[in-house]
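What follows is a single structure, written as structure tokens, with notes after it.
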Amino acid sequence: MHVKRFLALLLGLLLTATASASGATPSPSPTPTPTPTPAATVPAPDPDPSPSPSPATVPSPVPAIARSWPVGTRPAVLRGWEPPATPYARGHRGVDLAAPAGAPVRAVAAGRVLFAGRVAGRGVVSLELTGTGTPPLRTTYEPVAPSVTEGDEITSAQPIGTLSPMTSHCPTTCLHWGLRRDETYLNPLSLLPSWLSGRAPSRLLPVLGVPLP
């Protein structure tokens, strides 16, 4: 019995020594790594927190409110409206209408006299037209010997002066007629309705097969 116990003890010592010499050690069970919870996405701050610009204000169109030409009846246009590319560029900020010296100059629409006097040696009348929006339309007439004064209320087709005998602006005497809204120059001929400007008006055609009343 003692011999068997001794042999078993010796065998156990030999196995232990062999395992120590080989360096094999039981590997511990891997600890599971917790999966990180994704953080909530935070939007990046706006680098320019200033408010967005509002859309540009579109100017109101020119209403065709004229009830007469400024001079004559359908006068010849010696030079048309040529808007400048920039505020200080060359152009023609109005239209030139042929008329004899002394011809009556009329307001094309109702309004109020803003100015009646001389500018750079020539007579000028400027009218603010009634009911044409904000800022209102302003029409000018030159060279004119004014018969109205600042502040006068003017009706459509009312005479505001007479055409002065000056030919420096045109080959013959002419009226320079201008139109502005604030600082923007516009075509004064756009104030004229088709029946006044000479453009052919629309006509109703007869419908065949419909008995007359």
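- From Tyr141, atom OH reaches atom CG of Leu175 across 8.5 Å, with rounding to the nearest 0.5 Å.
- No side-chain donor from either of Thr140 and Trp177 sits under 3.5 Å from a side-chain acceptor of the other.
- Within the 3.5 Å criterion, the main-chain N or O of Val77 finds no donor-acceptor partner in the side chain of Arg79.
- A donor-acceptor pair is defined here as one N or O able to donate and one able to accept, closer than 3.5 Å; no such pair exists between the side chain of Arg106 and the backbone of Val108.
- Looking at heavy atoms from C-beta onward, Arg67 lies in side-chain contact with Pro193 at the 4.5 angstrom threshold.
- When every heavy atom of Ser68 is checked against every heavy atom of Ala107, the shortest pair comes out as OG-O, 3.7 Å.
- For the atom pair Cys174 SG and Leu78 CG, the distance stands at 6.0 Å (nearest 0.5 Å).
- At least one side-chain heavy atom of Leu114 sits under 4.5 Å from a side-chain heavy atom of Arg138.
- Two different hydrophobic clusters hold Phe115 and Tyr185 under the rule that ILVMFWY side chains link at heavy-atom gaps under 4.5 Å.
- Rounded to the nearest 0.5 angstrom, Thr184 OG1 and Leu179 CG are separated by 10.5 Å.
- Of the possible polar contacts, one joining the Ser156 side chain to the Ala110 backbone as a donor-acceptor pair under 3.5 Å is found.
- Note that CG of Leu191 and CD1 of Ile65 are 6.0 Å apart. Values are rounded to the nearest 0.5 Å.
- Formation of a donor-acceptor pair under 3.5 Å by the Ser147 side chain with backbone atoms of Gly161 is found in this model.
- At least one side-chain heavy atom of Val62 sits under 4.5 Å from a side-chain heavy atom of Leu137.
- Here Glu128 contributes atom CD and Ile154 contributes atom CD1; the two are 12.5 Å apart, rounded to the nearest 0.5 Å.
- Put simply, the side chain of Leu189 reaches to within 4.5 Å of the side chain of Val95, judged on heavy atoms.
- Contact of the Pro70 side chain with the Leu97 side chain is registered, since non-hydrogen atoms from C-beta on lie closer than 4.5 Å.
- Pairing each heavy atom of Pro143 with each of Arg122, the nearest pair is CB-CB, 4.1 Å.
- Contact record, Val71 with Ala98: CG2-O, 4.3 Å, taken as the closest heavy-atom pair.
- Side-chain atoms of Asp152 and Thr149 form a donor-acceptor pair, as typed in the model, at a separation below 3.5 Å.
- Distance OG1/Thr172 to CE/Met166: 13.5 Å, rounded to 0.5 Å.
- For the pair Thr173 (side chain) and Pro165 (backbone), a donor-acceptor distance under 3.5 Å is absent.
- The hydrophobic clustering, which links ILVMFWY residues whose side-chain heavy atoms are closer than 4.5 Å, places Leu186 and Val124 apart.
- Using a 4.5 Å cut-off on side-chain heavy atoms (C-beta onward), Val125 and Val148 make contact.
- A donor-acceptor distance shorter than 3.5 angstrom exists from the side chain of Arg181 to the backbone of Thr132, with no hydrogens or angles considered.
- When all heavy atoms of Trp195 and Ala66 are compared, the pair lying nearest together is CZ2-O, 4.3 Å.
- In terms of heavy-atom proximity, Leu163 sits nearest to Pro100 at CD2-O, 3.5 Å.
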